[in-house]
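I have placed the structure first, in the form of structure tokens, so that the comments after it can refer back to it.
In the text below, chain A, chain B and the rest are named by the order of the sequence lines, each starting its count at 1. Just so it is clear, the structure is predicted and the values come from calculations on it, not from any experiment.
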Protein chains: 2
Amino acid sequence: MASRVNRPRAGEALGTRNEATRRHNLSSLLTLVHRADGLSRADLTRATGLNRSTIGALVGDLVDAGLVTEEHPETTGVGRPSPVVQPRRDVVALAVYPDVDAVSLALVALGHRIVARERIELPQSPSPAMVVELAADAVAGWVEEGSPRVVGAGVAVPGLVRAEDGLVVRAPHLEWNDEPLGEELAEALDVPVDVDNDANAGLIAESLYGAGQGVSHLIYLNGSTSGIGGAVGVTGSVLRGADGFAGELGHILADPDGLACHCGRQGCLETEVNLQRLEAAAGGPLDHSRLEESLGSSAAVEDELTRQARVLARGIANVTSAFNPRTVILGGFLGLILDRRGDLIRELVVRHTFAPLADSLTLTRAALVEDQVLIGAGELAFRSLLADPLGE
Amino acid sequence: MASRVNRPRAGEALGTRNEATRRHNLSSLLTLVHRADGLSRADLTRATGLNRSTIGALVGDLVDAGLVTEEHPETTGVGRPSPVVQPRRDVVALAVYPDVDAVSLALVALGHRIVARERIELPQSPSPAMVVELAADAVAGWVEEGSPRVVGAGVAVPGLVRAEDGLVVRAPHLEWNDEPLGEELAEALDVPVDVDNDANAGLIAESLYGAGQGVSHLIYLNGSTSGIGGAVGVTGSVLRGADGFAGELGHILADPDGLACHCGRQGCLETEVNLQRLEAAAGGPLDHSRLEESLGSSAAVEDELTRQARVLARGIANVTSAFNPRTVILGGFLGLILDRRGDLIRELVVRHTFAPLADSLTLTRAALVEDQVLIGAGELAFRSLLADPLGE
DNA sequence: GGACTTATGTTGTGTCTTACAACCTAATCT
DNA sequence: AGATTAGGTTGTAAGACACAACATAAGTCC
């Protein structure tokens with residue numbers, strides 16, 4: 001089965017008929033239940049505006065399809081308790097996140113909770129074939145334990161991904177070029193696979209369950225050893241561009257006199273703002289899991305923080321001018337810079353931005369920290385199920 | 001009546017019912033007919049995938065609503081000729097475009113053709129009140145002549161517009177600040193008014209009827225005496241951002257050592273690439289309606305063209321990294337620069353962009369030249385009618 | 001314990017929308 | 001003139017949701 005992302009069927013007609021209505025309503029219901037990890041029938045009635053009897057019938061269909069269950073609630077509040085529609089935890093998506101030093105794997109259940117997880121540390125960055133093998137092994141193990149129904153897999157890759165067919169065009173830190181990871185994984189697991197950029201996955205998770213909840217226009221900037229990943233969210237979807245490469249904000253121009261970047265240009269945001277230069281200032285390697293403590297506050301570190309904060313602020317100002325987001329979420333070590341230089345950054349962003357844009361802008365640190373990439377990858381994989389719960 | 005843009009009704013429910021199906025199908029039909037300026041019933045059947053009999057009923061409703069007529073076609077080809085569904089030319093939108101030296105007004109008919117037009121030259125840039133007055137007078141005159149049914153007005157403003165309520169937050173060249181133009185015009189004309197940035201209007205027109213037809217991801221950059229306006233189109237809609245200020249591409253950073261910009265920063269794209277500096281190189285004022293001829297090709301002009309082309313190329317590379325468009329459309333004097341320095345620009349864009357992004361990028365000159373802003377403004381005004389042809 | 005509140009289940013009727021099949025109409029080609 | 005090709009029209013059917021009526025249930029509040 002081919003990898004796929006939101007692919008409209010070829011020659012899809014514009015016309016809508018009754019079955020589309022039903023599909024749409026089932027999709028709304030299952031999406032609500034998935035996002036909230038359980039919701040009463042009364043809540044569903046209110047949220048959709050549909051009639052009680054209709055909700056009853058639709059929920060019945062979802063139960064029959066093995067996607068949700070109805071549970072008696074632990075009673076609270078006045079009135080007859082409404083049965084809670086619970087997403088079934090044995091309906092899962094595989095989330096895969098290959099990084100330089102490890103491959104993270106998880107099962108994300110309907111209801112968006114992680115129900116199984118594994119992190120495999122590696123002496124060197126993994127090949128695509130190795131990722132496929134590790135993923136297949138993990139799934140085999142998990143299937144033996146419980147009996148989850150794996151409806152798809154989502155892969156978050158630190159690099160350029162052609163989301164359309166899951167081709168990893170370029171992942172510099174993994175040293176991958178034109179790897180058809182989506183197709184290979186789909187073949188090995190025999191489920192649909194969605195591949196996307198790791199920042200896109202992080203954005204999706206933050207936007208649904210983290211610092212970006214309820215915000216319709218947001219930008220996510222994540223700083224890791226692999227550089228700076230960016231993603232742009234607009235009214236619930238991720239800006240992908242013509243080929244799926246939009247939002248590569250690590251490579252916007254930050255300083256024309258800056259250092260040469262591996263992308264071939266100079267002064268990219270990620271050559272000027274990065275962990276390596278912070279480490280250099282700190283005088284040695286940092287413990288990435290305890291970054292704040294290990295960084296310390298020597299004069300050299302403080303100076304470097306200030307320098308990076310200034311460049312970062314200009315970068316934020318630039319993307320703000322282009323996208324007019326309501327919120328900019330900073331993850332990884334960028335969150336740390338925000339913590340330590342928040343006032344400076346905010347002041348400079350205001351100075352470098354057209355006033356009305358800056359007025360309504362919020363800068364905030366990512367909320368989900370550890371899990372957002374995996375949850376986002378799961379979200380990718382669930383998308384087609386949520387769009388059409390009873391299948392096609 | 002308040003100005004409005006795509007405003008979802010408050011508390012809108014997720015649920016869909018039969019009436020939504022019908023609204024959707026009517027909307028598809030009228031939109032197809034409007035875009036193509038007439039289409040046979042057979043074409044509509046094929047495009048929507050709906051049944052012949054359904055199309056018949058829906059078209060009947062549109063005829064009854066006074067939106068379209070059915071005409072016998074000039075026969076061509078084998079087989080029974082299919083009646084052509086024609087948009088009615090007396091269903092019109094008012095298009096308004098205030099600029100520094102003139103106010104342009106037009107009636108755009110359903111079918112997207114301009115059916116009446118007026119350009120009022122002014123000794124100085126107009127006030128909002130004057131724009132409202134001129135628009136009201138023009139409409140009154142046109143209503144007397146024929147008897148058009150004015151379903152709305154669209155205003156394209158060279159400045160920052162809060163599309164939500166039609167507030168012109170800032171239009172530097174008109175010297176407007178926080179002018180509630182949308183509300184004032186709506187009150188004067190008693191029709192819904194949509195206000196938007198002029199570049200957004202231009203993008204909409206180019207995207208539907210010009211150089212951007214069929215392209216799902218595109219960027220429009222327009223250069224005029226008022227500076228550089230930018231707009232970003234994604235799958236048929238314009239990126240507006242949280243407040244409607246997205247796509248202000250004239251103010252992305254082009255050269256940190258550049259001149260001071262009126263926006264408070266320095267080295268913005270429009271301080272480095274502009275008509276004034278071309279005029280200075282040419283040694284005197286240019287005839288804007290015959291720009292190419294009047295610019296000439298003195299050594300100073302050639303050098304300045306090369307300089308601006310270099311900066312422009314870097315700007316295009318930057319927005320390409322951010323948005324990953326398939327096409328960048330250059331309008332106004334930017335189109336002229338592309339004509340005269342196309343090879344240089346293309347070479348530099350490729351050099352300054354991540355390779356996979358540049359590979360699929362096309363640079364092209366705007367096609368509609370004169371009319372795109374007015375047609376785009378009309379399109380803004382038609383949007384709510386097209387979304388719900390039989391009203392609410 | 002009784003009144004009240006909130007909420008569900010079920011059933012039948014009604015409305016709306018599209019699909020489909022059968023039949024009718026129209027223009028062009030050979 | 002008849003064949004061909006295409007579209008229009010009409011009546012019936014099926015799917016989807018709304019709504020009203022009635023019965024039921026489980027809790028809170030006093």
| said: Given dA19(C), dT17(C), dC17(D), identify the nucleotide with an atom nearest to the side chain of S53(B). | reply: dA19(C)
Using atom [atom1] of [X] as one end and atom [atom2] of [N] as the other, report the distance to the nearest whole Å.
{"X": "N25(B)", "N": "dC16(C)", "atom1": "CG", "atom2": "P", "answer": "16 Å"}
{"X": "E70(A)", "N": "dA7(C)", "atom1": "CD", "atom2": "P", "answer": "16 Å"}
{"X": "L26(B)", "N": "dT17(C)", "atom1": "CG", "atom2": "P", "answer": "9 Å"}
{"X": "I55(A)", "N": "dC17(D)", "atom1": "CD1", "atom2": "P", "answer": "9 Å"}
{"X": "N51(A)", "N": "dG12(C)", "atom1": "CG", "atom2": "P", "answer": "16 Å"}
{"X": "L29(A)", "N": "dC17(D)", "atom1": "CG", "atom2": "P", "answer": "9 Å"}
{"X": "L50(A)", "N": "dC19(D)", "atom1": "CG", "atom2": "C1'", "answer": "14 Å"}
{"X": "R52(A)", "N": "dA16(D)", "atom1": "CZ", "atom2": "P", "answer": "21 Å"}

| task | Could you identify which residues of residues 36-44 of chain A place a heavy atom less than 4.0 Å from some atom of DNA chain D, listed by residue number, or say none? | result | none
| task | Describe the nucleic acid contact of T54(A) in one word from base, sugar-phosphate, nothing, applying a heavy-atom distance below 4.0 Å. | result | sugar-phosphate
| said: For T327(B), give me all partners under side chain to side chain contact (heavy atoms under 4.5 Å, CB included), at least two apart in sequence or on another chain. | reply: V215(B), L218(B), I329(B), T362(B), T364(B)
| message | Holding to side chain to side chain contact (heavy atoms under 4.5 Å, CB included), I want the full list of residues that pass it with N51(B), two or more places apart in sequence or in another chain. | response | S53(B), T54(B)
| message | Pair N25(A), S28(A) - check side chain to side chain donor-acceptor pair (under 3.5 Å), show working. | response | CA-CA 5 Å; N25(A) 288 338; S28(A) 297; 4.9 Å; no
Nearest 0.5 angstrom please: [X] [atom1] to [Y] [atom2], how far?
{"X": "D190(A)", "Y": "L185(A)", "atom1": "CG", "atom2": "CG", "result": "11.0 Å"}
{"X": "I375(B)", "Y": "I114(B)", "atom1": "CD1", "atom2": "CD1", "result": "4.5 Å"}
{"X": "L107(B)", "Y": "R113(B)", "atom1": "CG", "atom2": "CZ", "result": "16.0 Å"}

| Any N or O donor-acceptor pair linking the side chain of T21(A) to the base of dC17(D) at under 3.5 Å? | no
| query | Any idea how Y209(A) and H34(A) line up, ring-wise: parallel (<30°), tilted (30 to 60°), or perpendicular (>60°)? | reply | perpendicular
